[in-house]
*Asks:* 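Just dropping this structure here.
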Protein chains: 2
Amino acid sequence: MGRESEIRHNAPTPPYRQLAALLAARIRAGEWEPDTPIPSEPQLVGDYGVARNTVRKAIALLVEEGLVFVVPHRGTFVKP
Amino acid sequence: MGRESEIRHNAPTPPYRQLAALLAARIRAGEWEPDTPIPSEPQLVGDYGVARNTVRKAIALLVEEGLVFVVPHRGTFVKP
DNA sequence: TTTCATTTGTACGTATGTATT
DNA sequence: TAATACATACGTACAAATGAA
């Protein structure tokens, strides 16, 4: 909660990159254990006040970076 | 033109994958020379009767396959 | 077994921004 | 000044798979 204020819609960095950076920081801070899920897409939509497409783009970046992996219909998990 | 009938919206393979396969076949058939652009996104939208996001997903697959490369604000070109 | 909520996958519509020609 | 083209982001809707009740 309260996280919607962390995204700046008029910043040079687009929201999906901001969100990816914010989630990467939380992952690296150890907020979630390896092999445990990060919040679902609808939850992230509500928490950060962005569209689901934006959430999915951010998660796609995290997958590219090797920070998480997606299990279809199950969730997005922190990589061990 | 007339290509919209080549996409089946209720087939098991999603439209964006169908479109990627269709374009890949046209590229491999030599329909466009290397370093020349394939049709624009709006053109493909009209030709195949799919949404722009779908066209962009198909093109993203072609980029992954190494068949084309995108030059921002210029177009999508066949790889040499 | 059936039902149901949850979650990701896919698709489309629309709008705005920015760069090139 | 347009017209063109890609980048981003908002929204909506439904499908499909999973797992629990």
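In what follows, chains carry the letters A, B, and so on, assigned in the order in which the sequence lines appear, proteins first and then strands, with residues in each chain numbered from 1.
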*Asks:* Counting heavy atoms from C-beta on, name the nucleotide in C:dC12, D:dC6, D:dT8 closest to the side chain of B:Pro42.
*Replies:* D:dC6
*Asks:* Under a single-linkage definition using a 4.5 Å side-chain heavy-atom cutoff for Ile, Leu, Val, Met, Phe, Trp and Tyr, are A:Ile59 and A:Phe77 assigned to the same hydrophobic cluster?
*Replies:*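 A:Ile59 does not cluster with A:Phe77.
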*Asks:* Of the nucleotides C:dT10, D:dT8, D:dC10, which has the atom closest to the A:Pro14 side chain?
*Replies:*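 Closest nucleotide to the A:Pro14 side chain: D:dT8.
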*Asks:* Can you identify which nucleotide, out of D:dG11, D:dC6, D:dA13, has its nearest atom closest to the B:Thr76 side chain?
*Replies:*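 Among the listed nucleotides, the one closest to the side chain of B:Thr76 is D:dC6.
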*Asks:* With respect to the side chain of B:Ser40, which nucleotide from D:dT8, D:dA5, C:dT10 is positioned closest?
*Replies:* D:dA5
*Asks:* Using a cut-off of strictly less than 4.0 Å, decide whether B:Arg56 has a side-chain nitrogen or oxygen near OP1 or OP2 of D:dA7.
*Replies:*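 Answer yes for this pair, as a side-chain N or O of B:Arg56 is under 4.0 Å from OP1 or OP2.
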*Asks:* Ignoring the backbone of B:Pro15, work out which of C:dA11, C:dG13, C:dT8 is nearest its side chain.
*Replies:*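 For the B:Pro15 side chain, the nearest candidate turns out to be C:dA11.
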*Asks:* Among the nucleotides C:dG9, D:dC10, C:dC12, which one has an atom lying closest to any side-chain atom of B:Thr54?
*Replies:* C:dC12
*Asks:* Both A:Arg74 and A:Thr13 contact DNA chain D. Taking the nearest nucleotide for each, which residue is further toward the 5' end?
*Replies:*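 Its nucleotide being nearer the 5' end, the pick is A:Thr13.
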*Asks:* Could you pick out which residue, A:Val45 or A:Arg17, lies toward the 5' side of DNA chain D when each is mapped onto its nearest nucleotide?
*Replies:*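 The residue closer to the strand's 5' end, by nearest nucleotide, is A:Arg17.
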*Asks:* Check every atom of C:dG9, C:dC12, D:dC6 against the side chain of B:Val70 and return the nucleotide holding the closest atom.
*Replies:* D:dC6
*Asks:* Are A:Val55 and A:Leu22 connected, step by step, through hydrophobic side chains (Ile, Leu, Val, Met, Phe, Trp, Tyr) whose heavy atoms are closer than 4.5 Å?
*Replies:* yes
